[in-house]
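Indexing begins at 1, ligand by ligand and atom by atom, following the structure's order. Note that the numbering runs from 1 along the sequence shown for the chain.
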Amino acid sequence: MPLSIAIIGSGPAGFYTADALMRKCPECQIDVIERLPTPYGLIRGGVAPDHQTTKRVAKKYENTALTDHVNFYGNVELNRDVNLHELSQFYDAVVLAVGAPNDKKLTLPGADKSGVFGSAAFVGWYNGHPDFRDLDPDLNSQAAVVIGNGNVAVDVARVLVRSAEGLAKSDVPDHVAERIIASPMTDVYMVGRRGPIDAKFTNVELREIRNLNYTVPMVRADQLPDDIEFAVSQLDARERRLKERNLKTLGEFSRFTGDEKPKRMHFEFFASPVEILGDDQVEGIRLERTRVINGSAEGTGEIFDIKCGLVVAAIGYRSNPVDGAPYDEARGLIPNDNGRVSQGLYAVGWIKRGPSGVISSNRPDGELVADHIHDDFPNTHTGKTGREGLEALLKARRIRWVTFADWQRLEALELENATGPAPRKKFVTIEEMMNALNGKKET
Ligand code: NAP
């Protein structure tokens, strides 16, 4: 039998690994196992629905999936349908590409109030991820607060103020678009516990806000450094360039008065959340003004409140431990040596290095692990059964897995069902996906 490799997770990390393996080990058999019936992980469920150009990278993953070496097993969940021990009996190598699907916990008094969401859930909701179909956030308020100064915070803030025309060109599900369009929200506050120079959002994402039809970005000039060159002088060349660009853009934003357009996106720096206010439902957020000393935010004792009916914490993600693999609880990842976990077990993407970086940051992870597998298995033919063993087990357990051809049928329906300029109309529950595949009509 040819060398067989199972990749768990079909997001960018999983597909870059499959692609690298195909090149390094042209004879091997690669199976991508995915818990949802749909492939592509964060490309489908994380990248903002109004960033369709970014989502186009899925075409590359599709090319990989369509090669003879690669099979897709969707709707197959690790530990529910098959476990790591079983997979390691079938496959020579198993690569964990399971990401970091959970929200880093917001540990504040009041964080359990209704109307407080983590970005994994909120982004999943507006992206039509089946896990969050029923999140049902109440957007019936004038203001929202997004905690965090990363690209996810910018995405969430932007989607909340997107116009009907902007949403129509995206692939947000109808129930989400309706909720956003009906919302009376005029002000979204993005709060960062540190300063503008420490913000993690990137410049393209920042500049995009200036081009929104109905929303003007608002920045307090007194929160920006007077001398940009001096402020970035201690940074290395790459960081300096990035920060300089951001500070210049924020400087341009600081000249807006807020009257230019009907909605505002406020950048509130040096503001650390202290408490979520309200009875059962969030009514506001209490913050403490900070100053940044040696890169860390320190409270100044000055407290202020922002009234809002929605809080989204975009403060980062956490992975789940995988039964049968080691786990570093403190760092929230699988301990590994450049992707090698143990004999025959590897990790790539956010489960390997934590939740940071852009989509293409996953490519080197895949290359590295493909090199390891190439080195660790000099014989490209071994005695393991590979996909035969997996399929026999899934059949015995009566699991209806979704093949790549099935996914292509689902995708064709999504494209066919799109209206107006929308690129697709997503299936948003697993049940409706499986019904469509099994030829059942929706009731
Ligand atoms: P991130 O870039 O790490 O940003 C997290 C933000 O949350 C930081 O501003 C952080 O502040 C803040 N934070 C963390 N804990 C906090 C707490 N307890 N209280 C208040 N604030 C807290 O993470 P992300 O935005 O989730 O993005 C994850 C990765 O995906 C990033 O690499 C991002 O660039 C990438 N991404 C890229 C795009 C794009 O390219 N368009 C879009 C989405 C995501 P401190 O800095 O002070 O810790």
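Distances shorter than 4.0 angstrom occur between a heavy atom of V358 and an atom of ligand 1. The closest approach between any non-hydrogen atom of A314 and ligand 1 is below 4.0 Å.
In the model, N79 has no side-chain atom that pairs as donor or acceptor with a side-chain atom of R35 under 3.5 Å. A donor atom on one side chain and an acceptor atom on the other are not found under 3.5 Å apart for N211 and R207. No side-chain donor-acceptor contact under 3.5 Å links T249 and N246. In this model, no donor atom of one side chain and acceptor atom of the other lie less than 3.5 Å apart for D376 and Q343. Judged purely by distance below 3.5 Å, without hydrogens or angles, the side chains of N338 and H372 never pair a donor atom with an acceptor atom.
Counting heavy atoms under 4.0 Å from ligand 1, residue T107 does not touch it at all. Counting heavy atoms under 4.0 Å from ligand 1, residue Y317 touches it through the side chain alone. When non-hydrogen atoms are compared, ligand 1 lies under 4.0 Å from neither the backbone nor the side chain of A48. Residue contacts with ligand 1, taken as heavy atom pairs separated by less than 4.0 Å, involve K104 solely via side-chain atoms from C-beta onward.
Checked by distance only, ligand 1 and S356 stay at 3.5 Å or farther apart across all their nitrogen or oxygen atoms. The shortest N or O to N or O distance between P355 and ligand 1 is not under 3.5 Å. Taking only nitrogen or oxygen atoms, main chain and side chain alike, I147 does not reach within less than 3.5 Å of ligand 1. Between N151 and ligand 1, an N or O atom pair is found at a separation short of 3.5 Å. An N or O contact shorter than 3.5 Å links R193 to ligand 1 by distance. At a 3.5 angstrom cut-off on N or O pairs, R194 counts as close to ligand 1.
Close contacts of ligand 1 with D155, meaning ligand atoms under 4.0 Å from a residue heavy atom, involve 42 (C), 43 (C). Within ligand 1, the atoms closer than 4.0 Å to a non-hydrogen atom of E205 are 39 (C), 40 (O), 41 (N), numbered from 1 in the order shown. Those atoms of ligand 1 that come under 4.0 Å of a heavy atom in V152, given as number and element, are 24 (P), 25 (O), 26 (O), 27 (O), 43 (C), 44 (C). Against a heavy-atom cut-off of under 4.0 Å, G316 is close to the following atoms of ligand 1: 26 (O). Each of the atoms 6 (C), 8 (C), 9 (O) of ligand 1 lies under 4.0 Å from some heavy atom of N149.
Taking each heavy atom of L410 and A436 in turn, the nearest pair found is CD2-CB, 4.1 Å. Counting all heavy atoms, side chain and backbone alike, T38 lies closest to S10 at O-OG, 4.2 Å.
T202 places no side-chain N or O within 3.5 Å of a backbone atom of E205 that could act as its donor or acceptor partner.
Ring to ring, Y317 and W350 are close: their centroids are under 6.0 angstrom apart. Between Y61 and Y16, a ring centre-to-centre spacing shorter than 6.0 Å is recorded.
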